[in-house]
Amino acid sequence: MDRAAMEKAFPSPLIVGEKASDLPVWPILKQDATATPVVAYAFESIDLAPLPGFSGTPFNLLVLLDAKGRFMDVRVLSQHEPVFLDGLGEAPMHAFVEQYKGLSLTQNIRIGAPQGRGDRSGSNVSIDGVAKATASVRILNQSLLSASLKVARARLGFGEGRDPDLIAHIRPGVFQPLDWAGLQKAGLVVSRRFLNRDIEQAFAGTVGEGQDAQALARPEERFVDLHFAWLSVPAVGRNLLSPADWEALNRSIEPGDHALLLLAEGRYSMLGDDFVRGAVPDRLTLQQQKLPLEMRDLDTDLKQPLHLPEALKGAEWRVFRVIGAAGLDPAQPLDFGLQVTRSKGAIYPEKVRRSFDFSVRLPEAYVEAGASDSKTWHSIWISRAWELAVLVLALAVLAVVLSRPERLSRHPQRLRWFRNGYLLFTLGFIGWFAQGQLSVVNLTALLQALLARRSLDFFLYDPMTVSLWAFVALSFVLWGRGTFCGWLCPFGALQDLSSQLARRLGLRARKVPERWDARLKRVKHVVLIVILLSACLSVTWTDRLVEVEPFKTSITLNFVRAWPYVLRALALVGFSAFFYKGYCRYLCPLGAGMVWLGRLRRFDWIARRSECGQPCQRCRSDCAYQAIERSGRVDYDECFQCLDCVVIYESDSLCVPRIQQQRQSGRARVIRVIPLQPMSIQEETT
C-alpha cells in the first residue's frame, strides 16, 4: 500500500506519518492540542511474516497496532486459501479477523480453546475458529502475531527474547527437604542488601540528593534487604508452605503461571503505604531479556505461617503471580527493580526516581528445556493425536494387505467386504471427518513456495495431509500410483461406492473402446501441466484452474456450496456411475501427478503367469480400470489396485490356466466357470 491507500484506510482525525526506512511500518498520529503523538503503527503482514497458506501464497493483512500493543484494526487485503475462494466464501474469514480488535499482544490468544471464552480482558483469550478451515485460520493467526510482534519489539519496547512457545518449564518432580539456609545454599533463595549509601549515591547530582537525613547520618546501615524465592518450584513451595497451603497455591494459579515470593526487611517498604492487595506493585518491577513482565499480587492468605527463620518472622512479604501468557522463561535470569522516589518542593514538588536492580536465576537442575511449540502447528498435532493414531493403524492394515494380497484375495467375498469397508472408512473418516483429502493444491502450493523461496512449514498445519503424503510417498516405491487412488482418496471412494450402488439399481456400466480409453487417459496429464504452468505465472489463475477438482465441494465442504459447484461435483459422480471412476481415470490432475510419482515403483508386485495375455484374456476383460494390456502386463500407471485380478489369479474356478492345469493333471472336475463380479462390476464375460 502506498501513502494514498494508507490515508484512505485511516482517514482524519488520524494522520499518516512517513513510512519508516528501517522497517515497513507507517506511524499513525493524532492531533492532541499542539502535539501530534504517535497513537498506532500500521503495516502489512506480508512485509514482515510472509507465512504461506495452503495455496503456497501468504495472507496479506493490514494491521493497526496501538502504542500499548492492542489491535485497533485488522483487515484482510489479499488471500488465496482454497477454502475461502468460492468455498465457504470470505465472510467467515472476515468475521474471524474482526475478533482481534481490542485484543492485545500481551494476552495469550487461542483459537477455539475454552479458557477465557467471553472474557476479552483476561490474560487468556479464546476466539472462535472457522469450521472446515481450522488450519487456514491458524496460519492467518500466526501471520498476524508474528508480524505484530516484530513491530512491537522494534517500536513498542517488547522484549528481544526467545520465542515464548519454546520457553523452558519447571521440573515438577524435583524435591528434597530443605530449610531456609539449605534453600539459600542450593540457589533457590536469593538475597540482596541495599545500604543507605547505595541509595544516596544513586541520587547524587539530582534534586533528590541529601533528602534522606537518616541515610546521610548512617550510610553503612541497611536500607532494605530483599529476599526472593520461586514459590511455584516444588523444592521451594513444599519447603516454605504447609501441605494445605501448597495445594491451595496450585489451585489458585493456572498451568504455566509462576508464583514468586518476595520478602523485605528494613526501613523501606517494597510495597508502600498505598498498596492495594491483588494489584500490581508500584515499587517493584520485573523484566526478562528486556521485556517488562507484569507481576500481580496473588492476594494469598495462608492457613499456617511461612517456614522462615526467626530473623525473618516479622518481614514484609507478598506472593506475586506472573501469568503464563507473559512468556516468562524459568531458565533465563529474572531482573527485579526496586523503585525509590525522592521529591523536593512542597506545592509542586519535583520528583526523581531511581531503580535498584538485582537479578536471580533458577538453578538448571530445576528446569527442563522447552520441547514443543504450543501456538503454531505443534499444538494441532497434539490436539489431533487420536485421529492420527486411527489413521496410522488403518494405513498399517492397508500396508499388510498390499504386501501379501494373495491372502485376502483367496476369499473373494471377504475381500469384497474388506474393500468396501475400507472405502467407507476413507470417505467417512479420512475425507468428511478428518479432512484428509489430498489435492493438486498441495502440488501447486509446493511449487509456488519453492519458487518464492518460502518455508514449507505451512504444510505442518494439516497433520492428516502430511501423514497421508508420507505414506503415499512410501507407496510410490513399493506399489505405485494406485495405493492412494484406489484406497485412500475420499472422492475416489465416493465414486467407487456410487458405481456399486448404480449396479445394484440396475444401471449398466459402459466400457470405453480401447483406442479412446488410451487417448482420454492423457487428458489428465494435460490438465496437470496447465495447472503447474499457471502456478509459475499467476496465483489468481491457479486459484481458478484448481477448481477442476471437485474435492473441495464434495469432501471439504460436504456439498454445502454454490449450486454450480455442487451440480458439477454431482455430475462427475454420476459420470462414474456409467464410466467406472471416469473422473479419476481421465480428468484428475492429482491422479496425473500420482502417475508421475508412481513411476518410482521398484517392484512388479501383482503376480502374472506366462499364459496371461497369451492366450488368456480373462483378467484384462474383467479389469474395470482397463489397466491390463493385451500382453497380460499390468499397466501400473493406471492400476488402482482393486485386487480383482489377484482374485482371478488365486482362484481355481476363475483362472483359466489353473482350470486347464487341473484338467491336464487328471484331477479336473466339472466346474461351472462363473464370471468374477468385481466391485466395479463390468460386463459379464464367461
- Task: Considering non-hydrogen atoms only, spot the tightest contact between L391 and F429 and give its length.
- Result: N-CE2, 4.4 Å
- Query: Parallel, tilted or perpendicular: which fits the ring planes of F433 and W386, with parallel below 30° and perpendicular above 60°?
  - Reply: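 The arrangement is tilted - the two ring planes meet at 30° to 60°.
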- Quick one: side-chain contact (heavy atoms from CB on, under 4.5 Å) partners of R354, sequence neighbours excluded?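 So R354 forms a side-chain contact (heavy atoms from CB on, under 4.5 Å) with A202, F203, T206, V352, F356.
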- Message: Quiz question: by atom type and distance under 3.5 Å, do the side chains of S104 and R70 form a donor-acceptor pair?
- Response: no
- Message: Between Q214 and E221, do the side chains contain a donor N or O and an acceptor N or O under 3.5 Å apart?
- Response: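 E221 vs Q214: no donor-acceptor pair found between side chains.
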- salt bridge (Lys or Arg N to Asp or Glu O under 4.0 Å) partners of residues 200-215, not counting sequence neighbours, each pair once: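 As it turns out, the salt bridge (Lys or Arg N to Asp or Glu O under 4.0 Å) pairs with a partner in residues 200-215, which skip direct neighbours, are E200-R342, D212-R267, D212-R342.
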- Task: Would you list the pairs meeting ring-ring contact (aromatic ring centres under 6.0 Å, His included) in which at least one residue belongs to residues 127-156, sequence neighbours left out?
- Result: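 Matches after skipping sequence neighbours: none remain.
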- Query: Charged N to carboxylate O under 4.0 angstrom, R218 versus E220?
  - Reply: no
- Task: Look at D225 together with R192 and state whether they make a salt bridge at an N to O cut-off of under 4.0 Å.
- Result: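 No, no charged N to carboxylate O under 4.0 Å.
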- Task: Step by step, work out the side-chain contact (heavy atoms from CB on, under 4.5 Å) result for M93 and V137.
- Result: CA-CA 8 Å; M93 177 186 63; V137 296; over 6 Å; no
About how many Å separate [atom2] of [Y] and [atom1] of [X], when rounded to the nearest 0.5 Å?
X	Y	atom1	atom2	value
S45	Q142	OG	CD	12.0 Å
I15	W26	CD1	CH2	14.5 Å
R318	T300	CZ	OG1	6.5 Å

- Tell me, yes or no, whether the heavy-atom count around K313 atom NZ, taken from other residues, nucleotides or ligands under 6.0 Å, exceeds 12. yes
For residues 36-44, run the donor-acceptor check on the side chains, cut-off 3.5 Å, and write out each pair with its distance to 0.1 Å, sequence neighbours left out.
residue : atom : partner : partner atom : Å
E44     : OE1  : N60     : ND2          : 3.0
E44     : OE2  : M1      : N            : 2.6

Under 3.5 Å, which donor-acceptor pairs do the side chains of residues 227-240 form with other protein atoms, sequence neighbours left out?
residue : atom : partner : partner atom : Å
H227    : ND1  : S191    : OG           : 2.6
H227    : NE2  : E265    : OE2          : 3.2
W230    : NE1  : S232    : OG           : 3.4
S232    : OG   : A259    : N            : 3.2
N239    : OD1  : L178    : N            : 3.0
N239    : ND2  : Q176    : O            : 3.1
N239    : ND2  : A235    : O            : 2.6

- Query: Any donor-acceptor pair under 3.5 Å linking the side chain of D198 with the backbone of L195?
  - Reply: yes
- Min side-chain heavy-atom separation M295-V280 under 4.5 Å: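 Contact flag for M295/V280 side chains = no.
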- Item | K101 side chain near M72 side chain, heavy-atom distance below 4.5 Å |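 No, their side chains stay 4.5 Å or more apart.
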- Item | Ring centers of F194, F223 separated by less than 6.0 Å |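 Centroid separation for F194 and F223: 6.0 Å or greater.
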- Note on the structure: Sorted by chain and residue number, the ring-ring contact (aromatic ring centres under 6.0 Å, His included) partners of F175 (sequence neighbours excluded) come out as none
